[in-house]
Structures are given as C-alpha cells and as structure tokens.
There are 2 protein chains.
Amino acid sequence: MSTPRTRRKDARPDEIRAAALALFAERGFAATRLDDVARRAGIAKGTIYLYFPTKEDLFRALVRQDLLPNLAALEQAAAAHSGPAPARLRDLLATMAARMDAPTAAIPRLILAESGNFPALARFYAEEVVARGLALLTRVIAAGVAAGEFRPIDPAAVAPLAVAPLVMALLWRGSIGRHVPATPGPETLLATHLDLLLRALAP
Amino acid sequence: MSTPRTRRKDARPDEIRAAALALFAERGFAATRLDDVARRAGIAKGTIYLYFPTKEDLFRALVRQDLLPNLAALEQAAAAHSGPAPARLRDLLATMAARMDAPTAAIPRLILAESGNFPALARFYAEEVVARGLALLTRVIAAGVAAGEFRPIDPAAVAPLAVAPLVMALLWRGSIGRHVPATPGPETLLATHLDLLLRALAP
DNA sequence: TTGCTGACTGACCAATCAGTCAGTAATATC
DNA sequence: GATATTACTGACTGATTGGTCAGTCAGCAA
C-alpha cells in the first residue's frame with residue numbers, strides 16, 4: 001500500500017520546500033493543499049508540521065532560503081568579471097536570463113501574487129533581492145559612465161529598465177506562456193534587448 | 001441594523017464586479033470570500049448568485065468585461081493619431097502609463113497569478129489583450145521603420161521590449177510597491193525609458 | 001537480542017466558505 | 001387597494017482543508 005517508512009531528518013526540509021515550491025508555482029499558495037505537498041514529497045501531512053509550524057511559515061522559509069543563494073551567486077559572478085562595462089552588462093543580463101528555467105524562477109511571481117497577504121515578505125523581497133539586484137546593475141552601469149564607455153545618464157534610473165524585459169519574460173513563461181505558443185523566442189528577445197540597450201547607452 | 005432593501009437589477013452586476021475586483025486585487029482570488037465581496041457591494045451573498053453562477057464565472061466576467069473596453073480605447077486613440085512615428089510611440093506609451101492607476105490595472109497581475117487554475121482565461125488574455133496590444137505597438141514601430149524614422153529592425157521583437165518597463169512598473173505598483181517606498185518615480189522611469197528607446201531606434 | 005528514542009503516520013477535529021433555498025419585501029399590473 | 005411578480009435576503013449545508021496528536025516503527029546503543 002504505502003511505501004515503507006524511512007527516517008531522513010536532515011533531508012526532509014529541503015524535500016518539503018521543493019515539493020511546495022513546485023505546487024505553489026503551479027496553483028498558487030492558497031489553492032495548494034498541504035496533503036498534496038506531502039504526497040509529492042513522499043511523506044505524510046503530519047511530517048510537514050515537524051519542520052514547519054504553519055503553511056505560511058513554509059512559504060516564508062521557501063522564499064528566504066531558496067532565493068538568496070541565487071542572488072549571491074550572481075553577485076559573485078559579477079564581482080569576478082572585470083572587462084569593459086558593455087561586456088559586463090551583457091554577461092550579467094545573459095546570466096540572469098539563463099536562470100529562468102530554475103524552479104526558483106517561480107518565486108517572484110508568487111510574491112507578486114501574495115504580497116497583499118504577506119506584507120513582511122514583500123518588504124523582505126524588495127530589500128534583500130530587488131534592491132540588491134538593482135544595486136548590482138547600477139554599479140556596472142555607473143562604472144561604464146565613469147569610464148566614458150556609456151554616455152552620462154542616471155545609472156539608478158537605467159538599471160530597472162535594463163532588467164524589465166527579463167522580469168517580464170520570466171513572469172510570462174511561468175504563467176500565461178505555459179498555455180500559449182511563444183511569440184518571439186527568449187533568445188531573440190535578449191539579443192534585441194541588448195542591441196537596443198547598448199546602442200541607447202553608447203556615448 | 002441592515003440598510004433597507006433596494007431593487008436595482010441593472011446596476012448590480014457592475015457593482016459586484018467592481019467590489020470583487022478590489023478584493024481580488026488586494027488578496028488574490030482564492031483568499032477572497034464572497035461574503036466580503038457582497039458586503040463591499042452592499043448586498044447579501046445570495047444576490048451575487050442571481051447574476052453570476054459561480055465564483056469562477058465572476059472572475060471570468062470581470063476580466064472579459066472590464067479589460068477589453070480599455071484596450072479598445074487605446075486602439076482608437078492610436079488610430080486617431082497620425083504624426084511622426086517617434087511622437088506616436090511616445091504618446092502611446094504615455095497613454096498606457098497614465099492608466100496604471102485605474103482599478104482594472106490589477107487584472108494582469110491576477111491573471112499572472114491564476115493562469116495555472118484558469119488556462120482558458122490565460123489564453124483569452126494572451127490572444128485578446130496581449131497579442132492585440134503588441135500588434136498595435138508593432139504597427140507604429142513598423143510605420144516608423146518604413147518611413148525611415150527608425151533604423152531597420154524587427155518591429156515585432158521591439159514591441160515587447162517597449163512595453164516591458166510599463167508592465168513591470170504596473171505589477172510592482174500593485175503588489176510589492178504598496179509596502180515599500182518607490183525607488184525611482186514612475187515619471188522618471190517613463191522619461192528615461194523613452195529617452196533610451198528612441199535613441200536606440202534612431203537611424 | 002532487547003529496549004529505547006524520536007521521526008513518522010494518518011485518522012481526526014474545528015473552522016472556513018462556496019453554494020442553496022425558503023421566505024421577505026419592493027415594485028409592477030390591474 | 002389587491003394581487004402577482006421577482007429582486008433580494010441570510011440562515012443553512014456539505015465539502016474542503018489547516019492543523020493536532022495518540023500511536024507506530026526504523027534505527028541505534030548496549
């Protein structure tokens with residue numbers, strides 16, 4: 001009937017978070033049943049409560065633990081790079097775009113949807129992820145301006161514009177895009193975006 | 001205790017949709033109780049069922065009836081305009097940006113969030129709203145290219161990039177942005193975007 | 001082999017909420 | 001004014017589901 005019991009205390013939290021992320025991404029937070037999360041993780045519902053006090057805490061843990069490593073990796077990759085600013089900007093955006101298929105890519109959309117029910121989480125995301133990501137981009141652009149590789153322009157105003165197409169593509173792919181044929185491919189989009197952006201920033 | 005009964009058959013559907021939209025926007029579809037929708041509309045819950053068979057139908061009616069007039073108005077405004085392409089593009093994006101405060105601005109975010117639970121609605125939105133909106137933009141850009149006002153470039157690839165910052169700003173304002181101080185103002189964002197875009201498209 | 005610990009289970013409880021419907025009252029018709 | 005019609009009400013129900021907990025059993029130590 002049921003699979004035999006196993007005791008894997010340290011692996012459980014990760015497995016539960018992964019299962020929850022997959023289901024939340026598909027159906028949203030409210031519409032996901034913890035029984036389904038448990039079944040997907042191969043455990044009983046009660047086990048979830050050994051590791052997470054409530055459904056909301058599970059969601060919070062998900063966001064906090066699965067998102068930050070991603071961003072940290074991005075920051076390190078950017079710090080290692082030290083070529084000309086246009087190339088750095090190109091690489092940075094391409095690296096971001098390449099992560100669109102990771103399971104964690106669903107998290108931003110979840111936060112958008114649930115920010116009304118989780119204001120604290122919205123603030124956390126704004127400050128720890130968005131602000132840091134934008135700061136990273138702003139730094140690269142500012143360096144380019146300082147070096148004369150970009151024309152003088154407010155880097156903080158350009159940064160959100162530089163990620164906007166990626167964000168839009170990310171949200172689209174995880175939601176509506178799953179039910180509709182892709183209009184222009186993501187590669188075309190990224191290439192065109194970089195073409196436009198770098199030309200717009202040229203001195 | 002309760003307000004005296006009134007009979008206003010033809011005004012009810014609009015009021016119910018408006019109340020539902022406000023609450024869906026705030027809490028999401030699943031987390032919104034029909035009792036709350038009824039209270040906000042100033043009626044009893046049963047009355048909702050005189051006009052909408054189910055909660056899902058209410059959501060569908062909301063999207064279909066409140067979104068299309070918006071787009072139609074935009075299409076008409078664009079058709080009336082007949083100046084040089086850069087100015088038309090400017091006006092079009094500015095007009096879109098100006099609608100970000102309307103209650104209907106919450107609908108795209110709702111569809112993003114619920115597309116998994118309402119595939120048909122996602123398809124409807126993709127075909128009737130997104131595709132038409134992009135076609136509108138594509139036409140303007142293509143006209144500019146044909147007239148030599150823009151450099152030769154695939155208009156269909158540029159269109160999504162031209163709206164991306166608006167879409168991002170829209171989603172942000174309705175969700176995370178409500179819990180966090182605005183980083184760059186929307187006017188700055190739009191102005192910078194137009195500056196970059198028109199420069200990138202210049203021959 | 002035996003006994004113990006605690007990770008795990010799943011039936012259960014309590015609360016929530018979409019949807020129903022018998023009854024009420026506002027308007028229309030005569 | 002009397003009667004008919006129907007928009008409207010809100011208490012109710014059935015189903016769902018987050019959360020609990022008494023009991024079970026895998027794995028380890030002695």
Side-chain angles (χ1 to χ4, degrees), chain A residues 1-63 110 113-114 116-118 121, chain B residues 1-63 110 113-114 116-118 121:
Chain A
M1 194 82 207
S2 57
T3 47
R5 256 190 211 190
T6 53
R7 292 160 63 93
R8 295 170 41 251
K9 182 179 169 54
D10 46 352
R12 294 294 185 218
D14 289 349
E15 295 173 356
I16 294 170
R17 288 207 319 276
L21 176 56
L23 291 173
F24 288 169
E26 197 173 322
R27 308 175 196 173
F29 174 76
T32 298
R33 286 170 293 263
L34 284 187
D35 257 321
D36 292 338
V37 174
R39 192 172 320 131
R40 190 181 178 110
I43 56 177
K45 187 172 66 169
T47 305
I48 296 176
Y49 286 91
L50 296 178
Y51 299 100
F52 303 95
T54 69
K55 189 186 182 187
E56 296 195 1
D57 283 297
L58 170 57
F59 182 41
R60 275 189 279 268
L62 192 62
V63 172
L110 280 171
E114 299 295 337
N117 303 115
F118 300 91
L121 206 56
Chain B
M1 197 82 205
S2 58
T3 47
R5 253 189 213 193
T6 54
R7 291 160 64 95
R8 293 169 44 249
K9 183 177 169 52
D10 48 350
R12 295 293 187 216
D14 288 350
E15 295 173 356
I16 294 170
R17 288 206 320 273
L21 175 56
L23 291 174
F24 288 169
E26 197 173 321
R27 308 174 196 173
F29 174 78
T32 297
R33 288 170 289 267
L34 284 187
D35 257 321
D36 292 338
V37 173
R39 192 172 321 131
R40 189 179 178 112
I43 56 176
K45 187 172 64 169
T47 305
I48 295 176
Y49 285 89
L50 296 178
Y51 299 100
F52 303 95
T54 69
K55 191 186 181 187
E56 296 195 3
D57 283 297
L58 171 57
F59 183 40
R60 275 189 278 269
L62 192 62
V63 172
L110 281 171
E114 300 294 337
N117 303 114
F118 300 93
L121 205 57

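Model, not experiment: these values are computed from the prediction. Naming: A, B, ... by sequence-line order, numbering from 1 per chain. Because only heavy atoms are used, hydrogens play no part in the values below, and waters and symmetry mates are left out as well, while side chains stay in.
Regarding B:K45, its NZ atom lies at a distance of 13 Å from the C1' atom of C:dC21, rounded to whole Å. Counting to the nearest Å, the P atom of C:dT27 and the CZ atom of B:R12 are 11 Å from each other.
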- Evaluate the side chain to side chain contact (heavy atoms under 4.5 Å, CB included) criterion for residues A:K55 and A:V37: first the C-alpha distance (whole Å), next the side-chain angles of each, then the deciding distance (0.1 Å), finally the verdict. CA-CA 10 Å; A:K55 189 186 182 187; A:V37 174; over 6 Å; no
- Test A:R60 against A:T54 for side-chain hydrogen bond (donor to acceptor under 3.5 Å, both in side chains), laying out the working first. CA-CA 10 Å; A:R60 275 189 279 268; A:T54 69; 4.8 Å; no
- Query: Does the pair B:Y49 and B:L34 meet the rule for a side chain to side chain contact (heavy atoms under 4.5 Å, CB included), with working shown?
  - Reply: CA-CA 10 Å; B:Y49 285 89; B:L34 284 187; 3.1 Å; yes
- Message: B:R8 vs B:E15, test: salt bridge (Lys or Arg N to Asp or Glu O under 4.0 Å). Steps then yes/no.
- Response: CA-CA 10 Å; B:R8 293 169 44 249; B:E15 295 173 356; 2.3 Å; yes
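Residues A:F52 and A:F59 place their aromatic rings such that the two centres sit no closer than 6.0 Å.
Using a 4.5 Å cut-off on side-chain heavy atoms (C-beta onward), A:T6 and A:R12 make contact. B:V63 is not listed as a side-chain neighbour of B:L110, based on a closest heavy-atom distance of 4.5 Å or more. Using a 4.5 Å heavy-atom cutoff, the side chains of A:R27 and A:D36 are in contact.
The shortest non-hydrogen separation linking B:L62 to B:R17 is CD1-O, 3.2 Å.
Within residues 46-58 of chain A, the residues that place at least one heavy atom under 4.0 Å from DNA chain D are, in residue-number order, A:Y49, A:T54, A:K55. Within residues 26-37 of chain B, no residue is approached by DNA chain D to less than 4.0 Å at the level of any non-hydrogen atom.
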- Item | Nucleic acid footprint by protein, nucleotides 24-30 of chain D - heavy-atom cut-off 4.0 Å, B for base, S for sugar-phosphate alone | BBBS---
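Side chain A:K9 to base C:dG6: no donor-acceptor pair is found below 3.5 Å.
A:T32 contributes a side-chain N or O that, together with a main-chain N or O of A:G28, makes up a donor-acceptor pair within less than 3.5 Å.
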